[in-house]
Structure formats: structure tokens, C-alpha cells
Amino acid sequence: MAAPNTVDVYVTAVSVTEIFADPTYQRICDIARARKMAGTWDRRLAGILEISDRGEDHTPRYAVLDGQHRWAAAKCLAQPPTLVANVHTGLTLAEEAALFDKLNRQRKQTSPWDHWRARRTSGDPLVLSIEQAATELGFDVGERASKDGTLCCISTLEKIAASAGGIDLLRSTLTMLRSAWGHQRTAYEAPIVHGMAMVLYTFADRLDADTLLRGLSETPPARIRLQAQTLRDAGTVGSIAKLTAIAIANQHRRRPALTWPTSWKGALPAAPKDKPHTWGRSTQPGKPPAPARSSIPALPNDPTPPVPHPTPAAPALETVGQPAAPASITVPAGTPPPAWAAGDHDAAIAEMEGRTVAEVADALSIPERTVRRIAADLGVELS
């Protein structure tokens, strides 16, 4: 046993009943999260807790410094196990609080890309299906879009593949984007990919691939981003992905215009748990749903240019419009995005997925609340 006031650390197994959380420095325990962890409890994932020994005369004896939710989850089990812990002795309350802060600051958060690589190696069928679809279309899935043809919006790719549209919707989304803009990386930012998927799913029975491609091929991705931001500035409510979907649909310059259903919430429906993936909204093959009136405005002050000569449709879009035989189309080089802050921050925050909100805010010199809002719009996970 260490002498009084002598700081020491040793490893031992401790009963959950001997551990407590000191509210003077420990964060509030998320009980719902703890119960969810208990429901999928795996002792191998419990790891090693960090606790402080308050002495034999203190009940409970050990203050948890790191691992509060694992400890709370273990308490929820019918037969709570003992937990392995690093026991710190000889610490004052102030020293415990300082160590708690240090442990949380120095911990390296596992990024979504780290999870993706692990799931790939473990043979996760969804990850493997997404990467196979990307490879078939000439893309790589990577952590950062350092070059054209690299898809780094992995959270968005997974949302699409796990939606009611399934992997077919993801494949068609990438095909449309590739046919319009090639492999240029600005075309594969999360809001554009997500927005295109929402357009294809919502208007599966009414969309003409030729018409949409003609509009997109003459509108660079940066212009789509600017149109989405313009919609937000004009008061249209919704995430950047939703507004991007509206901007993309506005390129479908054919009468009658695509009309968003009044029930549309700006998100893809989840796949039914008891049914295979389907694509499209019509319950009767070949019969499109009746158009619904919508309060979503068309993009203000964006005149529709005359439709040029027909552009070949995207290849391999069996369920979208009336595609012609595969043929190449002219892909515009695009223009650099304008210096509007939100767009610049969108791209930067997307690349910093997995970091803390504070780190991102410091790096971009913007308020943390702005970081949280943009991250929520993009579906980017920050710790």
C-alpha cells in the first residue's frame, strides 16, 4: 500500500458497487447511453477504467475518472461483472479533477474513417457493397478527397446505401454525378451526393435523365452549392443537403416541373427492417405518384437558360428516365467556389470529421455553435 499523500498507480479488478462518480468534476451520466451499452455488453470492449482510491474509510471507495459510462452500463446488468482499472492513489480532489481533465483532453478520438477501415477488414457487408459500387464506377473511397475520383463522404454514402433505396440508389446517384461532372472532387461533397440521392429517390417515376443531365452539365458543382446557400439566405428552411436537392431538381428544366411532395422532410426514408430494399415511391409498377403542391420555392433570380441540343443520357440508369445507349458527354471544367463563408466551412468541416467541436472552431476561427450547425447540416460527426 502506498504511503499517505504518495501518488502511485496499480492495476486491479474492482466491483462496480465500490465505484462512484464525483459530480464536482465528472460529467453528467447519460443513462440512456449506459443502458444501450448494457444491452450489447461485451466484456472485451470494457477496457480499463481509471479510478482514484479515496481510502478505506470512504464508501464507495473509488472515484471514477475515466470510464463512467462503462461502469454505469455494467451496473445495469443482471449480474454486474468486476471491472479492471488503473487505481490512482494519493490524489487530492483537485488532483483528481486535473487528471480527469487531462485524460479527456489527451484521448485521441476514433474517427469515422477509423471505424470504416475496421468494418472493411471485418467484412461488414454494407461497407463492402459501397466500396464495390464505387470501384465499379471508377472511384476510390478514402479519408480525404486529395485527388479527383476519391469519395470521402463516407457517412453520406452509408446513409444512402442503408436507406429504402439501397445500394442501387447509391450506384445510380454516383452514375448521374459522374455523367454530369466526371470525377472532379467538388461534385462529391456530402451535400451534393445526398441531394442527388434525394432527387432520384423522390422523382424515380417522373425524372428524365436526359433533361437533368443537360441542366447539370452546364452548371458546375460550385454553382449548385451557391444556389443551395441562396435558398437558405432567402429563408428556405432545411439542411444544406435538402437545399442542395432543391437546387439539383431545379436543373430539370422540363414541363411540368418537378414538384416536391408536401410531406417531404428533406431526408431519405429508412429501409424497412422486415423488407428488402426498394427504390422509388410508386406502389404500382409504371404508375407514378400524383404530384403534390409544395411550399418550397424555386431558386429566386435564377433564370432558366434555353435548352441546348440533346445530351446523351447517363449510362446504366435503368430506373431513371429513358436512358439512351452509353455515350460520353462534355464535362465542364467548373469554376472555383465563390468566397462565401458557409461553403468554405462546409468543405473544411467535412474533412475534419471526427475531431472535437472546439478544435474545429479554433482551426476555422468561428463560433462553436456555427460548427455544430454546419456539422448537423452535413451529417458530419464531431466529438
Side-chain angles (χ1 to χ4, degrees), residues 1-115 117-118 352-365 367-369 371-372 375 381-383:
M1 176 70 68
N5 300 323
T6 299
V7 177
D8 192 14
V9 182
Y10 64 91
V11 180
T12 190
V14 181
S15 168
V16 296
T17 60
E18 296 184 90
I19 302 174
F20 73 100
D22 190 324
T24 61
Y25 61 80
Q26 184 62 257
R27 57 188 170 183
I28 298 174
C29 183
D30 185 339
I31 300 300
R33 176 186 172 192
R35 288 173 178 167
K36 183 177 180 180
M37 293 170 64
T40 58
W41 180 263
D42 186 339
R43 189 179 184 91
R44 297 171 300 176
L45 303 180
I48 300 177
L49 278 61
E50 302 286 341
I51 59 179
S52 174
D53 186 355
R54 292 282 182 91
E56 296 179 355
D57 57 344
H58 196 288
T59 305
R61 179 171 178 171
Y62 303 99
V64 61
L65 305 175
D66 182 65
Q68 176 184 212
H69 285 91
R70 285 172 282 160
W71 160 66
K75 289 202 304 177
C76 293
L77 298 175
Q79 296 181 336
T82 57
L83 299 173
V84 178
N86 286 322
V87 182
H88 299 259
T89 64
L91 297 179
T92 64
L93 179 61
E95 289 171 335
E96 282 184 10
L99 182 55
F100 164 81
D101 181 64
K102 183 177 180 181
L103 289 169
N104 281 277
R105 285 180 179 274
Q106 290 186 347
R107 180 188 296 111
K108 177 176 173 57
Q109 296 291 335
T110 304
S111 71
W113 176 245
D114 293 329
H115 288 295
R117 292 174 58 199
M352 289 189 279
E353 187 169 19
R355 295 191 183 183
T356 66
V357 173
E359 288 175 339
V360 175
D362 289 343
L364 299 180
S365 299
E368 290 188 10
R369 64 178 179 275
V371 173
R372 293 190 182 93
E381 298 178 4
L382 299 176
S383 57

> Main chain of Ala97, side chain of Asp101: is a donor-acceptor contact present, judged purely on distance under 3.5 Å?
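Answer holds: no.
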> Are any of the side-chain heavy atoms of Leu93 and Asp22 separated by less than 4.5 Å?
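A side-chain contact under 4.5 Å exists here.
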> What distance separates His69 NE2 from Ile31 CD1, expressed to the nearest 0.5 Å?
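Here the rounded value is 7.0 Å.
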> Please report the shortest heavy-atom distance between Ala73 and Ala34, naming the atom on each side.
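So the minimum-distance heavy-atom pair works out to CB-O, 3.4 Å.
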> Does any non-hydrogen side-chain atom of Ile51 lie less than 4.5 Å from one of Val87?
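In short, these two side chains touch, coming nearer than 4.5 Å.
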> Working to the nearest 0.5 angstrom, can you tell me the gap between Glu18 CD and Arg54 CZ?
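Reported to 0.5 Å precision, the distance equals 14.5 Å.
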> Report the residues that fulfil side-chain hydrogen bond (donor to acceptor under 3.5 Å, both in side chains) with Arg44, sequence neighbours left out, ordered by chain and then residue number.
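Arg44 satisfies side-chain hydrogen bond (donor to acceptor under 3.5 Å, both in side chains) with Asp42 only.
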> Do you know which two heavy atoms are closest between Trp71 and Val16, and how far apart they sit?
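It is NE1-O, 3.0 Å.
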> Given Asp53 and Tyr10, is the side-chain contact (heavy atoms from CB on, under 4.5 Å) satisfied, shown in steps?
CA-CA 10 Å; Asp53 186 355; Tyr10 64 91; 4.0 Å; yes
> What's the separation between atom CD1 in Ile48 and atom OG1 in Thr12, rounded to the nearest 0.5 Å?
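Those atoms lie 11.5 Å apart.
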> Would you check if the side chain of Arg70 reaches a backbone N or O of Ala46 as a donor-acceptor pair within less than 3.5 Å?
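Looks like yes, one N/O pair under 3.5 Å.
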> Check whether any side-chain heavy atom of Phe20 sits under 4.5 Å from a side-chain heavy atom of His58, and report yes or no.
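Side-chain contact under 4.5 Å: yes.
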> Tyr25 versus Leu65: any side-chain heavy-atom pair under 4.5 Å?
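SC-SC contact between Tyr25 and Leu65 confirmed.
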> NE2 of His88 to CG of Asp8: how many Å apart, nearest 0.5 Å?
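So the gap between those two atoms works out to 10.0 Å.
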> Can you tell me how far apart CZ (Arg117) and CH2 (Trp113) are? Round to the nearest 0.5 Å.
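CH2 of Trp113 is found 7.0 Å from CZ of Arg117.
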> Counting only heavy atoms not in Ile28 (residues, nucleotides, ligands), do more than 12 fall under 6.0 Å from its CD1?
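Not buried by this count: 12 neighbours or fewer within 6.0 Å.
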> Let me confirm one number: the CZ-OG distance from Phe100 to Ser52, rounded to the nearest 0.5 Å.
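Separation between the atoms: 13.0 Å.
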